[in-house]
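Since the structure comes first, as C-alpha cells, the remarks are kept for the end.
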Amino acid sequence: VRLVESGGGLVQPGGSLRLSCAASGRTFSNYAKGWFRQAPGKEREFVAAISWTGATTDYADSVKGRFTISRDNLKNTVYLQMNSLKAEDTAVYYCATNQFTGQLRLGSSSSWGQGTQVTVSS
C-alpha cells in the first residue's frame with residue numbers, strides 16, 4: 001500500500017490545518033489508519049488512530065480535544081483536522097496503517113507515507 005500525505009504548511013499559533021492521506025495499491029480498506037509525527041531531534045510519536053469502520057478513535061493526550069481523525073473509505077482517504085495549533089505541534093506528520101488501532105498506538109505500521117511538514121509559528 002502506498003500512503004501519500006498532503007495539507008501541511010505554515011500556520012500561526014491558534015490556527016487550523018487539515019491533513020489528508022490518500023492510500024493506493026493494496027489499500028487495506030478494512031485496516032485501521034493513523035497519524036504520527038516527528039519533531040526535529042525527537043523520536044516519532046503516535047498522534048491519532050481510527051478503526052476501519054470509524055467507530056473507534058484514539059488520541060495522544062497532547063492532542064486530545066484539539067485534533068480529530070476521520071476517514072472516507074470510498075475515497076481511501078484518512079484526515080486529521082488540527083485546531084488550536086501550538087508551536088509544539090511543529091513536526092513532520094506521517095500516515096500509517098495496521099489491522100488494529102492498538103497496533104498503531106504501539107507504533108507498528110504496515111506502511112508509512114513520506115510525511116508532510118507542519119510548522120506552527122508567528
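Being a predicted model, the structure only gives us computed values, none of them experimental. We count residues from 1, following the sequence as given.
- Scanning for side-chain contact (heavy atoms from CB on, under 4.5 Å) contacts around Ser122 gives Pro13, with sequence neighbours left out.
- The side-chain contact (heavy atoms from CB on, under 4.5 Å) test applied to Leu106 returns no partner, not counting sequence neighbours.
- Residue Lys33 holds its NZ atom at 13.0 Å from OG of Ser70, rounded to the nearest 0.5 Å.
- Across Phe100 and Ala32, no two heavy atoms sit closer than the pair C-CB, 3.7 Å.
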Ring pair (Phe, Tyr, Trp, His ring centres under 6.0 Å) assessment of Phe36 paired with Trp112: CA-CA 10 Å; Phe36 288 73; Trp112 295 96; 5.0 Å; yes
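- The stretch residues 51-89 participates, sequence neighbours left out, in no disulfide bond (SG atoms under 2.5 Å apart) pair at all.
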For Val63 and Arg37, what are the C-alpha separation, side-chain angles and deciding distance, and is it a side chain to side chain contact (heavy atoms under 4.5 Å, CB included)? CA-CA 11 Å; Val63 307; Arg37 66 187 181 186; 3.9 Å; yes
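- In this view, Lys64 and Asp61 satisfy the salt bridge (charged side-chain N to carboxylate O under 4.0 Å, His left out) rule, not counting sequence neighbours.
- The two residues Cys21 and Leu3 have their closest heavy-atom pair at SG-CB, 3.9 Å.
- Take Tyr93 and apply the ring-ring contact (aromatic ring centres under 6.0 Å, His included) test, not counting sequence neighbours, and it matches no residue.
- When the salt bridge (charged side-chain N to carboxylate O under 4.0 Å, His left out) test is applied to Arg44, no partner is found at least two apart in sequence or on another chain.
- Sorted pairs that involve residues 42-85 and meet disulfide bond (SG atoms under 2.5 Å apart), not counting sequence neighbours, are lacking altogether.
- Residue Trp35 comes nearest to Glu5 through the heavy atom pair CZ3-CG, 3.8 Å, listed as atom of the first residue, atom of the second, then distance.
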Could you list the donor-acceptor pairs under 3.5 angstrom formed by side chains in residues 79-86, with sequence neighbours left out?
residue : atom : partner : partner atom : Å
Gln81   : NE2  : Asn83   : OD1          : 2.9
Asn83   : OD1  : Ser16   : OG           : 2.9

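- Considering Thr90, Asp89, Leu19 as possible partners of Val118, the one that fulfils the side chain to side chain contact (heavy atoms under 4.5 Å, CB included) test is Leu19.
- With sequence neighbours excluded, the residues forming a salt bridge (charged side-chain N to carboxylate O under 4.0 Å, His left out) with Asp58 are Arg105, listed by chain and number.
- The OG1 atom of Thr56 sits 11.5 Å away from the CD1 atom of Ile69 when rounded to the nearest 0.5 Å.
- Among residues two or more places apart in sequence or in another chain, the side-chain contact (heavy atoms from CB on, under 4.5 Å) test is passed with Ala49 by Phe46, Thr101, Leu104.
- Qualifying side chain to side chain donor-acceptor pair (under 3.5 Å) partners for Ser108, counting only residues two or more places apart in sequence or in other chains: Asn98.
- Qualifying side chain to side chain donor-acceptor pair (under 3.5 Å) partners for Gln38, counting only residues two or more places apart in sequence or in other chains: none.
- A 6.0 Å sphere centred on CD of Glu43 holds no more than 12 heavy atoms belonging to other residues, nucleotides or ligands.
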